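Bear in mind the structure is a predicted one, so any value in this text is a computation, not a measurement. Only this structure's heavy atoms are used, side chains among them; waters, hydrogens and symmetry mates stay out. When a ligand or atom number is given, it counts from 1 through the structure's own listing order. Nothing fancy with the numbering, it's 1 onward along the sequence.
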Amino acid sequence: MTSISLDSAAPARLDVDALVIGVVPAEGGGVTPVAGAEAVDSDLGGRLATGLTALGATGKPGEITKLPTMGALPAGLIVAVGLGEPGPDTGPDTGSGGSFDHEALRRAAGAALRALAGTARVAVVLPASSAEDVEAVALGALLGNYSFGAYRTGEQPSLVERIVVAAPEGTDEAALKRAETLASAVTLTRDLVNTPPSDLSPEDFAEAAARVAGDSGLDIEVLDEKALVEGGYGGIAGVGQGSANPPRLVRLAYTHPEAAKTLALVGKGITFDSGGLSLKPAEAMDWMKSDMGGAGAVLGALAAIAALGPKVNVVGYLALAENMPSGTAQRPSDVIRIYGGTTVEVLNTDAEGRLVMADALVRAGEDAPDVIVDIATLTGAQLVALGTRTAGVMANDDALREHVVTSGGLAGEAFWGMPLPAELRKGLDSAVADIANISGERWGGMLTAGVFLQEFVPDGVRWAHLDIAGPAFNKGEPYGYTPKGGTGAATRALVRLAEDLASGSL
Ligand code: BES
Ligand code: MN
Ligand code: ZN
């Protein structure tokens, strides 16, 4: 277990193993240490910039340069992390009080902590002039200090045990608590995504949700395969019928006695997506344990919301099924009946996410929510359109879509607004049922999936859809505070949206 604390005393004197400082590119090459590192520099006789520059430091974002202190400071090692150029950047606004935006601070702290895995005690001295800055540094550090060791025999991957964050005198400890709450929510989501599907069946996931509900004081209702069939949830039941591991629909509820509004969160929870009878090729299948990332984000977010206690009601749905081929699997051309009665011709069993989501969206309408946000690793087309790190945001309301993009950005999530062109509905016409689950139209697959889901959104409810197919799982190298594997994408944004509805800004 990692402990984290704030310290406003002279950081250069902290008794730790490593001291993290920030550097920016210097004019004419090399680096300049940023505010907060002055005392460290003076203990080193003013030679910090020269020393780091001699080691080749350039100050680019996430760059790590290690410098031994040779006894000049209590800490044995200085770790300089590049912050890039200060000032507003050209990307989406990620919020800032000082000269670095919060995402730059989170990423720098995360990159430093990753580089220090195995070090016992680390102090992080980054430019933080407000409680929000301190929260960003603490959150980045905690998120960077992550490893998934559950399946390693022998020595466990080592984490930093004690983190000290330099903070201005009088910084409210609440900033630290909030960072810890958000970090443990993201950790929960990451752990669920990383867990092999052999150990995370829909039933296992529902049990994990029940444990979280018990610990957090959330209400929980679990529909098993029998209840799903009897209740008319033909999407979840249909997708799940080919697997030996039966499906579940989980409803979690956080209620506040003074709440005026209700937010519904709906997460795609395909614990493994083989494609079903419309089988995926091997290279597209080996990361499909991440196909429950939406449901993971909903569960993580609800745990954090319960801990933070905003004045709002939040219901979360986890639409859980395993998509497998077998003698009992649904066939391309089967017609299923979604909760509420709409019939769907299943022309491709690999477009299964929209089927389980349809059931859960209709059911969420029964909670009379003011806003529904659904989160799903829904389409490969999301990766084609936006790449691996940026989620697509679609909505039936322009102001809501803009709000989700902006608020998500402030939470540190890369979101981008996408349209729901009405003309795409025609491609989903079925020869036999109300709608088909794939389109005759080849282009814009992310949008088509959104248009499909829109059919199942309760009338008159503001709704946003997040396609996190790429962002949920990092197949590449770690960066900033993002590890390889499960990333916890959207978890923090969902918490923020609940707070926005509570405060009246949404
Ligand atoms: N789970 C996949 C989407 C996905 C792809 C998530 C890559 C993460 C990474 C989804 O169920 C799927 O298979 N979608 C199909 C839909 C198609 C058949 C219309 C796709 O995108 O290929
Ligand atoms: Mn699929
Ligand atoms: Zn899927």
Test your reading of the structure: does Thr379 have an N or O sitting under 3.5 Å from an N or O of ligand 1?
no
Is there side-chain contact between Leu494 and Val373, with at least one heavy-atom pair below 4.5 Å?
yes
Could you check whether Lys475 pairs with Asp286 (Lys NZ or Arg NE/NH1/NH2 to Asp/Glu carboxylate O, under 4.0 Å)?
yes
More than 12 heavy atoms of other residues, nucleotides or ligands under 6.0 Å from NZ of Lys177: is that the case?
no
I'd like the atom name of the N/O/S atom in Asp273 lying closest to the Mn ion (ligand 2).
OD2
Is Phe473 close enough to touch ligand 1? Criterion: a residue heavy atom under 4.0 Å from a ligand atom.
no
Tell me which part of Met288 gets within contact of ligand 1: side chain, backbone, both or neither, using heavy atoms under 4.0 Å.
side chain
Is Arg354 near ligand 1, meaning one of its heavy atoms is under 4.0 Å from it?
yes
Tell me whether Asp273 has at least one N, O or S atom under 2.8 Å from the Zn ion (ligand 3).
yes
Numbered in order shown, the ligand 1 atoms found under 4.0 Å of a heavy atom of Glu352 are 11 (O)
Within 45° of the ring axis of Phe473 and under 6.0 Å from its six-membered ring centre, is that where the NZ or CZ of Arg190 lies?
no
Run down the list Ser439, Ser278, Gly445, Ala351 and name the one with the heavy atom closest to atom 17 (C) of ligand 1.
Ala351
What's the shortest distance from atom 2 (C) of ligand 1 to any protein heavy atom, and which residue and atom give it?
Asp273 OD2, 3.5 Å
Test of proximity, Asp350 against ligand 1: N or O pairs below 3.5 Å
yes
Salt bridge or not between Arg178 and Glu499? Use side-chain N to carboxylate O under 4.0 Å.
yes
Considering the heavy atoms of Ile438, write down every atom of ligand 1 situated less than 4.0 Å from one of them.
19 (C)
With only distance considered, is Lys268 within less than 3.5 Å of ligand 1 through an N or O on each side?
yes
I'd like to know if Lys280 contacts ligand 1, where contact means a heavy-atom distance under 4.0 Å to any ligand atom.
yes
Shortest non-hydrogen contact from Val193 to Gly486?
CG1-CA, 3.6 Å
Angle at the Zn ion (ligand 3) (to 10°), with one arm to NZ of Lys268 and the other to OD2 of Asp291:
100°
Ligand 1 to Gly380 polar contact by distance, N or O atoms, under 3.5 Å
yes
How wide is the angle at the Mn ion (ligand 2) spanned by Asp350 O and Glu352 OE1, rounded to 10 degrees?
70°
If we ignore angles and hydrogens, is there a donor and acceptor under 3.5 Å between the side chains of Arg363 and Tyr233?
yes
Can you tell me if CD on Glu155 sees more than 12 non-hydrogen neighbours from other groups inside 6.0 Å?
no
I'd like to know whether ligand 1 has Leu383 as a neighbour, heavy-atom separation below 4.0 Å.
yes
Taking just the N, O or S atoms of Glu352, which one is nearest to the Zn ion (ligand 3)?
OE2
Within the stated cut-off of 2.8 Å, is an N/O/S atom of Asp291 closer than that to the Mn ion (ligand 2)?
no
Using a 4.5 Å cut-off on heavy atoms from C-beta on, say whether the side chain of Tyr254 contacts that of Leu263.
no
Whether over 12 other heavy atoms sit under 6.0 Å from Arg462 CZ:
yes
min-distance protein heavy atom vs atom 10 (C) of ligand 1 -> Leu378 O, 3.3 Å
Are Arg248 and Phe205 in a cation-pi contact, defined as NZ or CZ under 6.0 Å from the six-membered ring centre and within 45° of the axis?
no
Verify whether one side chain among Thr58 and Glu63 offers a donor that lies under 3.5 Å from an acceptor in the other.
yes
